[in-house]
Amino acid sequence: MARDAFNGVTLWKRPLGEWVDQYRRFRAGPASLPFRLVAADGKVFVTLDFTGPVHVLDAANGETLRVIEGSEKAKQLLYQKGILTILIDEDVDRHDEIDAARRRGEFLPHRCRIMKVHVESGETIWKKEVDELVFPCMALKNGRVFAQTPSRVCSLSITSRAARDGARISKRSSRFLPAS
Amino acid sequence: MMRVLVPQGVAYIRDGTAWEKVVKPRPETMDEWTHYLHAPDNNPVANDGLVGPPDSIQWMATPKFSRAHEQQASFSVAVTSGGRIFYILDDAPRVDIRIPAE
């Protein structure tokens with residue numbers, strides 16, 4: 001939904017498809033829901049379905065300007081200066097199986113990837129397969145995307161045409177990294 | 001005239017038979033909250049020099065109550081940009097959490 005922030009008037013509504021089911025386990029999130037909506041530069045970026053692709057909407061009227069190809073199962077969106085960075089989790093709809101395994105003390109890996117998209121053209125500039133991510137974790141600053149896996153923190157250059165690895169910040173447990 | 005306009009608000013002022021369009025500029029010290037955690041760096045702190053403690057209610061909208069606080073609440077997220085607020089809302093009846101999301 002969109003409202004005028006000054007007077008609260010409803011500007012437009014868009015229906016969502018399948019969202020989080022009502023039988024999800026008690027206090028089990030998912031924590032990714034708040035990261036699926038971004039608004040900037042007269043556009044709204046959102047997944048209109050829990051496992052659907054990312055839609056680029058016109059912020060003024062809610063009409064779809066573009067559907068980002070290959071962005072199904074997106075879990076987190078970041079936008080900056082015409083570039084959309086998308087975190088995709090191929091196993092986002094396997095939460096029953098993953099939750100059950102965790103109750104047994106097992107951690108099933110997620111197959112994740114990060115993709116960089118030029119919003120105006122819809123071009124996917126690069127995709128990068130990544131390890132299972134500690135989620136939600138992706139952040140963007142100073143031209144780099146940072147993400148945390150269970151074993152390390154990694155960075156990718158957001159300014160390059162290829163998914164170049166940046167500095168590998170830690171090879172071991174990176175829960176408490178010094179601020180350097 | 002500018003006192004009653006919202007930032008980016010527009011006034012048309014009549015001068016004889018002509019209309020002059022006036023747009024109130026947006027203060028440079030007014031920030032936006034474009035992502036769930038403010039900005040793509042996920043640091044949930046605004047760079048706003050105008051915000052302060054609230055002293056009145058500007059407007060109210062439904063829902064008055066959320067569906068749940070232990071399963072999914074009605075609101076998934078809200079962000080703001082360009083004088084608009086955007087949010088994802090589950091508008092299903094609040095009588096029972098087992099009713100599918102709408």
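Lettering of chains follows the sequences in order, A, B, ..., and the numbering in each one begins at 1.
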Next item on the list: Would you mind telling me which of Thr85(A), Asn7(A), Val20(A) has the largest number of heavy-atom pairs within less than 4.5 Å of chain B?
Entry: Asn7(A)
Checklist line | Max heavy-atom pair count under 4.5 Å with chain B, selected residue of Pro30(A), Ala2(A), Ala139(A), Ala39(A) | finding: Ala39(A)
Note to self: Below 30° counts as parallel, above 60° as perpendicular, anything between as tilted: where do the rings of Tyr36(B) and Phe35(A) land?
What the structure shows: perpendicular
[atom1] of [X]: more than 12 outside heavy atoms within 6.0 angstrom?
| X | atom1 | answer |
| --- | --- | --- |
| Asp15(B) | CG | no |
| Lys141(A) | NZ | no |
| Arg104(A) | CZ | yes |
| Met2(B) | CE | yes |
| Glu18(A) | CD | no |
| Glu69(A) | CD | no |
| Glu106(A) | CD | yes |

Below 4.5 Å, heavy-atom pairs only: which of [options] has the largest tally toward chain A?
| options | answer |
| --- | --- |
| Asn43(B), Leu89(B), Thr34(B) | Thr34(B) |
| Leu37(B), Asp90(B), Val6(B), Val79(B) | Val6(B) |
| Ala101(B), Gly83(B), Gly82(B) | Gly83(B) |

Margin query: Is the shortest side-chain heavy-atom distance between Phe86(B) and Trp12(A) below 4.5 Å?
Written below: yes
Margin query: Side chains of Arg84(B) and Asp4(A), heavy atoms from C-beta outward: is any pair under 4.5 Å?
Written below: no
How close do [X] and [Y] get, heavy atom to heavy atom, and via which atoms?
| X | Y | result |
| --- | --- | --- |
| Leu33(A) | Ser76(B) | CD1-OG, 3.9 Å |
| Pro34(A) | Val77(B) | O-CG2, 3.2 Å |
| Ser81(B) | Ala40(A) | OG-CA, 3.6 Å |

With clusters defined by side-chain heavy atoms of hydrophobic residues (ILVMFWY) lying less than 4.5 Å apart, directly or transitively, does [Y] cluster with [X]?
| X | Y | value |
| --- | --- | --- |
| Val56(A) | Val38(A) | yes |
| Met115(A) | Met138(A) | no |
| Leu48(A) | Ile68(A) | no |
| Leu87(A) | Leu156(A) | yes |
| Ile83(A) | Leu77(A) | no |

Note to self: Is Ile99(B) close to chain A through its backbone or its side chain, or both, or neither, when contacts mean heavy atoms under 4.5 Å?
What the structure shows: backbone
Margin query: Can you tell me which portion of Gln58(B) sits under 4.5 Å from chain A's heavy atoms? Options are side chain, backbone, both or neither.
Written below: side chain
Note to self: Checking side-chain polar atoms at under 3.5 Å, does Arg3(A) have a donor or acceptor matched by the opposite partner on Tyr87(B)?
What the structure shows: yes
Using heavy-atom distances under 4.5 Å, tell me whether [X] contacts chain B through its side chain, its backbone, both, or neither.
| X | value |
| --- | --- |
| Pro15(A) | neither |
| Asp41(A) | backbone |
| Val44(A) | side chain |

Notebook entry, point to check: In Å and rounded to the nearest 0.5 Å, what is the CG to CG distance from Leu16(A) to Asp91(B)?
Noted result: 11.0 Å
Checklist line | Check: Leu37(A) main-chain N/O paired with His35(B) side-chain donor or acceptor under 3.5 Å | finding: no
Note to self: Keeping Trp59(B) on the side-chain end and Val9(A) on the backbone end, is there a donor-acceptor pair under 3.5 Å?
What the structure shows: no
Notebook entry, point to check: Passes side-chain contact (heavy atoms from CB on, under 4.5 Å), Asn42(B) versus Gln76(A)? Steps please.
Noted result: CA-CA 11 Å; Asn42(B) 285 351; Gln76(A) 186 179 7; 3.5 Å; yes
Note to self: Run Leu140(A) and Asp41(B) through side-chain contact (heavy atoms from CB on, under 4.5 Å) and show every step you take.
What the structure shows: CA-CA 5 Å; Leu140(A) 193 161; Asp41(B) 63 358; over 6 Å; no
